[in-house]
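Worksheet: one structure, shown below.
Computed from a predicted structure; not experimentally measured.
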Amino acid sequence: MNVVFALRTVLFYCGYVPTIITFSLLGCTLGLVIPYRPRQTFITTANAIVLWWLKLSCGIKVNVEGLDNIPEQAFVALSKHQSGWETFYLQRTLRPVSTILKKELLKVPFFGWGLAMTRPIAIDRSNPKQALREVLSQGKQRLEEGNNILVFPEGTRMNYGEIGNYSRSGASLAINSGAPILPIAHNAGSCWPAHRFIKHPGTIHVIFGKPIESTGRKSKELTEEVKDWIETTIAGL
């Protein structure tokens, strides 16, 4: 079966690579004359195509709960990070959204060029204090402009079943700006394992929790509340 899964994964990347290259090049050329919101919608059309092709080539489906929990006002989304899948799905679903990510990603040929046109908040993880200042200042500005903010509080992809340290930066941003937090749980790592090539057929379950108000909260307790909800929800999948 591993041979079959490997062949299906190769087929997936045969569609994935040209899709990313095409939309990234169009995004950083034609995107220069397109207003931000329609530009992000255009660029993340690649995300929708990638997920559609993933379903066809690798048999990975998705089941979503709680879409009606997504706030109408700008919010800070805190999500589990297990794979590349949730970055594609959430950047498309939560738009307009600015993702907090490591600045090295913007240097990746094609992929990084297109990503830069979606107005992410790129940080230097080797300088935590400066990174937090950038998250708070740029994040607040984006929220005031009506952009949502996507944060992966563990900072890096975790293997399926593992729990990383949750950074307080997302909670601090929400408190500082008065924005609600949208907690997101999923099990994408069961089909798209972190740091592994082969994709496995199955169903990825995504659950959007009820928004959590940040006003008057402490970042530590707020982060722990979000962590507890995400990890408990994942354990129940």
Side-chain angles (χ1 to χ4, degrees), residues 40 44 47 50-51 62 64 66 70 74-106 108 111-112 115-116 118-128 131-132 134-136 138-139 142-143 147-175 177 179-196 204-209 211-212 214 219-220 222-234 237:
Q40 188 175 74
T44 60
N47 299 38
V50 164
L51 297 179
V62 59
V64 184
I70 298 178
F75 57 86
V76 178
L78 268 62
S79 171
K80 185 70 178 177
H81 200 15
Q82 295 179 344
S83 71
W85 183 90
E86 60 270 17
T87 62
F88 287 106
Y89 176 78
L90 294 176
Q91 286 175 353
R92 178 68 177 178
T93 303
L94 302 181
R95 70 186 192 281
V97 63
S98 293
T99 305
I100 296 177
L101 47 79
K102 57 183 180 181
K103 65 179 184 179
E104 290 82 3
L105 288 177
L106 302 185
V108 178
F111 174 80
L115 185 60
T118 64
R119 296 185 67 198
I121 299 175
I123 60 173
D124 181 0
R125 294 197 303 188
S126 66
N127 190 339
L132 179 58
E134 291 176 355
V135 168
L136 294 179
Q138 293 186 47
R142 297 283 202 280
L143 288 165
N147 249 43
N148 304 314
I149 305 296
L150 174 58
V151 183
F152 296 109
E154 290 166 296
T156 188
R157 290 170 294 170
M158 305 299 299
N159 291 322
Y160 183 62
E162 291 185 355
I163 302 175
N165 293 320
Y166 277 55
S167 165
R168 296 191 220 171
S169 59
S172 296
L173 172 59
I175 293 168
S177 59
I181 287 180
L182 178 69
I184 304 169
H186 63 82
N187 64 341
S190 63
C191 295
W192 184 321
H195 317 296
R196 291 178 177 81
I204 293 175
H205 297 273
V206 184
I207 302 177
F208 294 92
I212 302 173
S214 62
S219 62
K220 182 176 182 179
L222 187 53
T223 300
E224 285 300 316
E225 180 179 344
V226 172
K227 178 181 179 179
D228 182 65
W229 182 89
I230 289 177
E231 299 300 338
T232 300
T233 302
I234 291 175
L237 291 177

Determine, stepwise, if the pair Leu237 / Ile207 fulfils side chain to side chain contact (heavy atoms under 4.5 Å, CB included).
-> CA-CA 10 Å; Leu237 291 177; Ile207 302 177; 3.7 Å; yes

Decide yes or no on side chain to side chain contact (heavy atoms under 4.5 Å, CB included) for Arg142 and Val97, but give the supporting numbers first.
-> CA-CA 9 Å; Arg142 297 283 202 280; Val97 63; over 6 Å; no

Kindly determine whether Glu225 and Ile212 satisfy side chain to side chain contact (heavy atoms under 4.5 Å, CB included), including the steps that lead there.
-> CA-CA 9 Å; Glu225 180 179 344; Ile212 302 173; 3.8 Å; yes

Hey, mind stepping through Lys227 and Ile163 against side chain to side chain contact (heavy atoms under 4.5 Å, CB included) and telling me if it holds?
-> CA-CA 9 Å; Lys227 178 181 179 179; Ile163 302 175; 3.7 Å; yes

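In this structure, Ile100 and Glu134 have side chains that are not in contact, with every pair of non-hydrogen atoms separated by 4.5 Å or more.
Judged by distance alone, the side chain of Ser214 and the main-chain N or O of Ala174 form a donor-acceptor pair under 3.5 Å. A donor-acceptor pair under 3.5 Å is formed between the side chain of Thr118 and the backbone N or O of Leu115.
A donor and an acceptor atom, one from each side chain of Arg119 and Ser98, are nowhere located under 3.5 Å apart. In the model, Thr99 has a side-chain atom that pairs as donor or acceptor with a side-chain atom of Gln91 under 3.5 Å.
Residues Leu90 and Phe152 approach most closely at CD1-CE2, 4.3 Å, considering heavy atoms. Closest non-hydrogen pair, Val76 versus Gly170, comes out as CG1-O, 3.8 Å. In terms of heavy-atom proximity, Val226 sits nearest to Pro183 at CG1-CB, 4.2 Å. What you find for Phe75 and Leu143 is that their closest heavy atoms are O-CD2, 3.6 Å. The shortest non-hydrogen separation linking Ala131 to Asp124 is CB-O, 3.7 Å.
Salt bridge present: Glu154 and Lys80 bring a charged side-chain N and a carboxylate O closer than 4.0 Å. Looking at Glu104 and Arg125, no side-chain N of the basic residue comes within less than 4.0 Å of a carboxylate O on the acidic one, giving no salt bridge.
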Contacts under 3.5 angstrom, residues 187-194 side chains, donor-acceptor by atom type, not counting sequence neighbours:
residue, atom, partner, partner atom, Å
Asn187, OD1, His205, N, 2.7
Ser190, OG, Asn187, O, 2.7

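Once rounded to the nearest 0.5 Å, the distance linking CH2 of Trp229 with CD1 of Ile184 reads 8.0 Å. Residue Ile234 holds its CD1 atom at 5.5 Å from CD of Gln82, rounded to the nearest 0.5 Å.
Classified by interplanar angle (parallel below 30°, tilted 30° to 60°, perpendicular above 60°), the ring pair Phe111/Phe88 is perpendicular.
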